[in-house]
Amino acid sequence: MTASHLPYTRNGLKFFTKRGGLTSAEVEAICDRAAGKYVAKKMGLGGGGGMPPVVMRVDLMSAYAQHLRDIIKERVAHPTHYDTPLKGFKVIVNAGNGCGGFFTWDVLEKLGADTTGSLHLEPDGTFPNHMPNPEDATAMSLTRGAVLAHGADLGVVFDTDVDRSGVVDDAGAAINGDRLIALISAIVLAEHPGTTVVTDARAGDGLTRFVEARGGRHCLYRVGYRNVIDKGVQLNADGVETHVMMETTGHGALKENHFLDDGAYMVVKIIIEMVRMRLAGIEGGVGSLIKDLEEPAESVLFRMDIVGEPKDAKQRGVQAVETFKKYIEEGKLNGWELDDCGDCSVDQGCLVDNNDQPIDVDAYMYRAKFHDESQKRLGWVHIRQSVHNPNIALNMQSCIPGGCKSMATSLFDGFLLTSGVNEFLDISQVQNFVE
Ligand SMILES: O=P(O)(O)OC[C@H]1O[C@H](O)[C@H](O)[C@@H](O)[C@@H]1O
């Protein structure tokens, strides 16, 4: 049960079986059956009877921590101290008062690491220090401070339920978002040359070049970690070897770990690499593995609240996103072109998989690229409805300084003001940026 990084009033349930996390359709089927039973019970038609459930107590956390420790021991196979491969390493954990504290005492310390200086290890659902979230600037900068103050080799940031993580290298550089995907891709591409990496379509063009430079292929897909993971599962089923599925939010799943988005497992992969590098006498820490990742010149996110009756929000959101698509298709927006590939919003490095069985689309989203009058590519914009709140998220990335302003201005004048969507969208964030 978790609300992840959201307030505890948003608690919900996630379901897993031996095969991995359940898909949206499977969760819906469970809800329908539960609702059916509830209705039957209310109407006195049974549904609550039968044998009382058998409750077993299982210490899952100890088994899980041991599983992670065993993986590190086996894969490092330290020549002189097999059981304590992290002896001599300092690692800071920032659990943000979520449930990731166990990683400190039950994984790292038992393997010999010094975790002095770790932060916010005690669970507290009111999150008194900062949001437990590897995307949170406070979480990352506090961890950076602790890494530098203690001369640590690595800092680890978990979100509340440890399905996401980010790290800080020994020089204090934050590795989250595209950088984390690049780091994991570099590690996995060395193990599985040529593998495909699936991410959401908010990943930067530099990440595509990074993956391709190492012989991999980059598939840009829909936002939502379940979408990204399901795409990887589908590609594997279609015969396209896909080992990494990561969202830019820090959700990451690997084929070798049953396609589970498991933040602790991602950190385990990074820690193994860190120890191997030291054993091999490679200087520079794990941050050196992504030295050549090109970052975008600019990256911005706007939220446009959907105003009016909450019950109409979903339909209005669809209308806004679809109007955007139509505008571009009809050539009403100069310089814009949809990035399109089957169900993906893609331009470079895309895999055209067979898409025989298109999956259910739970929300519309598009990515479009922009060229200025001289045909110079400035960047892209990604538009979609928020998963959690009644708003439209507009991500923008540019490869040149000032590019986001040019794109925002073009969108503001040519679409937001003229298409009618401003009647039900609060476009003030874009307006402030443009002005
Ligand atoms: O739509 P937003 O509010 O930006 O949230 C988007 C996020 O929603 C959930 O938290 C999903 O787990 C993430 O995979 C997704 O990226």
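Values reported hereafter were calculated over all heavy atoms of this structure, with side chains retained and with hydrogens, waters and symmetry mates removed. One-based numbering, in listed order, for ligands and for the atoms of each.
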closest protein heavy atom to atom 4 (O) of ligand 1 is R384 NH2, 2.7 Å
Do S410 and N334 pair up side chain to side chain, a donor and an acceptor below 3.5 Å, judged on atom types alone? no
If we number the atoms of ligand 1 from 1 as shown, the ones under 4.0 Å from a heavy atom of R202 are 16 (O)
Exercise. Should we count NZ of K326 as having more than 12 external heavy atoms under 6.0 Å?
Worked result: no
So the atoms of ligand 1 within less than 4.0 Å of a heavy atom of V387 turn out to be 1 (O), 2 (P), 6 (C), 8 (O)
If we number the atoms of ligand 1 from 1 as shown, the ones under 4.0 Å from a heavy atom of E247 are 13 (C), 14 (O), 15 (C), 16 (O)
Taking only non-hydrogen atoms of T249 and a 4.0 Å limit, the atoms of ligand 1 in range are 16 (O)
Note: ligand 1 atoms sitting under 4.0 Å from heavy atoms of G224 are 14 (O)
The side-chain contact (heavy atoms from CB on, under 4.5 Å) partners of H130 (sequence neighbours excluded) come to N94, H120, D136, T138, A139, L142
*R226 near ligand 1, heavy-atom distance under 4.0 Å?*
no
The salt bridge (charged side-chain N to carboxylate O under 4.0 Å, His left out) partners of D262 (sequence neighbours excluded) come to none
- Message: So that I can tick it off, tell me whether R377 and D205 are bridged by a salt bridge, with the cut-off set at under 4.0 angstrom between side-chain N and carboxylate O.
- Response: yes
If we number the atoms of ligand 1 from 1 as shown, the ones under 4.0 Å from a heavy atom of H251 are 12 (O), 14 (O)
Any heavy atom of K14 under 4.0 Å from ligand 1? The part involved is neither
I'd like to know if the side chain of S386 pairs up with that of N389 as donor and acceptor (distance under 3.5 Å, no hydrogens or angles considered). no
Self-check item: Residue-ligand contact N389/ligand 1, heavy atom below 4.0 Å
Solution: no
protein heavy-atom neighbour closest to atom 3 (O) of ligand 1 works out as S386 OG, 3.0 Å
Looking only at distance, does R303 have an N or O less than 3.5 Å from an N or O of ligand 1?
-> yes
for atom 5 (O) of ligand 1, nearest protein heavy atom and its distance come out as H388 CD2, 3.3 Å
Nitrogen or oxygen of Y225 less than 3.5 angstrom from that of ligand 1: yes
What one should report as the nearest heavy-atom pair of A186 and L289 is CB-O, 4.3 Å
Residues A320 and F424: closest non-hydrogen pair is CB-CE1, 4.0 Å
State whether the side chain of S118 and the backbone N or O of V93 hold a donor-acceptor pair below 3.5 Å, judged by distance alone. yes
Taking a cutoff of less than 4.0 Å between a non-hydrogen atom of the residue and any ligand atom, is A393 in contact with ligand 1? no
Mind running side-chain hydrogen bond (donor to acceptor under 3.5 Å, both in side chains) on N97 and N129 for me, showing each step along the way? CA-CA 8 Å; N97 302 102; N129 294 293; 2.8 Å; yes
